[in-house]
Amino acid sequence: MPVQLKRHLRIFLAFQSAGMAKDIQLRGMFALTLIGSLCYFYLHFISFKLIISRFHFPGWDTGQLWVLLFTFEIFTYLAFFFFWRGLQHTPREIGTGTFDVLLSKPFSSRFLAFFRNCSLHNLACAIFGAVYLVLALVKYQIHTSPIGIVLYLITLASSLWIFHCISVLFVCLNFKYGFLPGTSGVAFEIQEIYKYPATIFNSSGFLIHLLVIPLSLLTTIPAASLLLKPISIPLLTTYLSSLIILSIWSQYSWSSALRHYSSASS
């Protein structure tokens, strides 16, 4: 493992350990936040159950839809766990100038800005989702394979990276326009799109193909990978193109924003 990667991994683990230790010490607050997160978990569960009982999703049977839902739950809570604290604090720090502290550190400013210590209750709910996912595989006798599991983990990590890149693009607006609190949660506020199969969005509308389908693929691709379910070439191309384009675009925007911030604070 490269030395730089080891250093970043060590810092990341230190961040998470500090956050978890704080949650453990504040047991009452942790219990309340966990209850709140579980309420949202079961709200998605109940609403999804009502929807799939009334509507048909071509190409997806009931068991596969539950795999998709619990993939959505895992994805959403991991996104909260990894990114939410950074998304809350970074825009404020850019507006107040305290972002200079991150720039003074001998590490990637993007890494320090977004991958901070997060709440244990989000990780607990993600693990809860994984347990439900396994139960769904058993209940509906859905067979997968080691290759499917590996592909699931790889595509889930790729989807989280795409989600991060989208968030970075919105946060970069704070460098140019000042503190914009709404930029912290944009990628979370459209989470309903992630919950349903990308194959149901068959509209020929330009915005559907540009925005809705790529976002719905963030959970459709991992779920389909676990199920060893064939994915059409256009959808797979859209997913890979989104991964590449957003990775390059977000890095360019972040680097450009840092230059703008430096000149503004000098």
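Quick caveat, the model's predicted, so the values are computed rather than measured.
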Quick note, side-chain hydrogen bond (donor to acceptor under 3.5 Å, both in side chains) partners involving residues 182-191, not counting sequence neighbours, are N174-T183
Can you tell if the side chain of L65 reaches within under 4.5 Å of the side chain of F48, non-hydrogen atoms only?
yes
Heavy-atom nearest pair, L243 first then S247, reads O-OG, 2.6 Å
Between the CZ atom in R110 and the SG atom in C172, the distance rounded to the nearest 0.5 Å is 8.0 Å
Does L240 belong to the same Ile/Leu/Val/Met/Phe/Trp/Tyr cluster as L153, with side-chain heavy atoms less than 4.5 Å apart forming each link?
yes
Residue pairs passing the side-chain hydrogen bond (donor to acceptor under 3.5 Å, both in side chains) test with at least one member in residues 122-147, sequence neighbours excluded, are Y42-Y132, W66-Y140
**Asked** Any donor-acceptor pair under 3.5 Å linking the side chain of S104 with the backbone of V101?
**Response** yes
Do I94 and V171 have side chains that get closer than 4.5 Å, going by heavy atoms?
yes
For the residue pair F188 and L87, establish whether any side-chain heavy-atom pair is separated by less than 4.5 Å. yes
Side chain to side chain donor-acceptor pair (under 3.5 Å) filter on S159, not counting sequence neighbours, yields Y239
One should read off an interatomic distance between T219 OG1 and Y194 OH, to the nearest 0.5 angstrom, of 9.0 Å
Compute the centroid of each ring, for F99 and then for F175, and state whether the two points are separated by less than 6.0 Å.
-> yes
I'd like to know if L68 and I46 are part of one continuous hydrophobic network [Ile/Leu/Val/Met/Phe/Trp/Tyr, side-chain heavy atoms within less than 4.5 Å].
yes
Q. Does any non-hydrogen side-chain atom of S167 lie less than 4.5 Å from one of V186?
A. no
Same cluster or not: are L218 and I245 linked, directly or through other Ile, Leu, Val, Met, Phe, Trp or Tyr residues, by side-chain heavy atoms under 4.5 angstrom apart?
no
Interatomic distance, CG@L160 vs CZ@F82, rounded to 0.5 Å, equals 6.5 Å
dist S256:OG -> Y252:OH (nearest 0.5 Å) comes out at 5.0 Å
- In one Ile/Leu/Val/Met/Phe/Trp/Tyr side-chain cluster, 4.5 Å: L236, V150: no
Step by step, work out the side-chain contact (heavy atoms from CB on, under 4.5 Å) result for I52 and L69.
-> CA-CA 11 Å; I52 65 175; L69 173 70; over 6 Å; no
Sub-4.5 Å side-chain heavy-atom contact between E192 and H44: yes
Minimal heavy-atom distance between C125 and F41, with the atoms involved, is O-CE1, 3.9 Å
Heavy-atom closest pair (I166 atom, A187 atom, distance to 0.1 Å) is CG2-CB, 4.4 Å
Review point. In terms of hydrophobic clustering (I, L, V, M, F, W, Y; side-chain heavy atoms under 4.5 Å; direct or indirect links), are L78 and V134 co-clustered?
Key: no
> Hey, are Q88 and R116 close enough side-chain-wise for a donor-acceptor pair under 3.5 Å?
Replying inline: no
Rounded to the nearest 0.5 Å, the CG atom of L217 sits from the CD1 atom of I193 at a distance of 11.5 Å
**Asked** Going through the checks in order, is the side-chain contact (heavy atoms from CB on, under 4.5 Å) test met by L226 and L137?
**Response** CA-CA 10 Å; L226 181 64; L137 292 174; 4.3 Å; yes
What I'd like to find out is whether the side chain of I200 reaches to under 4.5 Å of the side chain of F55, using heavy atoms alone.
no
Residue set satisfying ring-ring contact (aromatic ring centres under 6.0 Å, His included) with H164, at least two apart, ordered chain then number -> F83, F114, F115, W161
TODO: Would you please indicate yes or no on a ring centroid separation below 6.0 angstrom for F128 and Y77?
DONE: no
Shortest non-hydrogen pair, V168 vs S250, comes out as CG1-O, 3.9 Å
Here the gap from S216 atom OG to L235 atom CG, rounded to the nearest 0.5 Å, amounts to 7.5 Å
Notebook entry, point to check: Is there a donor-acceptor pair closer than 3.5 Å between any side-chain N or O of S242 and the backbone N or O of P214?
Noted result: no
Residues at least two apart in sequence or cross-chain that pass side chain to side chain donor-acceptor pair (under 3.5 Å) with S232, listed by chain then number, are none
Of all heavy-atom pairs linking W254 and A113, the shortest is CH2-CB, 4.0 Å
When you compare the side chains of Q251 and S255, does any donor N or O come within less than 3.5 Å of an acceptor on the partner?
yes
Applied to residues 47-62, the side-chain hydrogen bond (donor to acceptor under 3.5 Å, both in side chains) test, sequence neighbours excluded, yields W60-T199
Minimal heavy-atom distance between L102 and E93, with the atoms involved, is CD1-OE1, 3.8 Å
Does L43 have more than 12 heavy atoms from other residues, nucleotides or ligands lying within 6.0 Å of its CG?
yes
Original post:
Could you walk me through whether I74 and Y152 pass the side-chain contact (heavy atoms from CB on, under 4.5 Å) check?
Top reply: CA-CA 12 Å; I74 295 168; Y152 180 80; 3.6 Å; yes
Item checked: Check against ring pair (Phe, Tyr, Trp, His ring centres under 6.0 Å), F72 and Y196 -> CA-CA 9 Å; F72 161 79; Y196 303 103; 8.3 Å; no
| said: Can you confirm whether F170 sits close enough to L180 that some side-chain heavy atom of one is under 4.5 Å from a side-chain heavy atom of the other? | reply: no
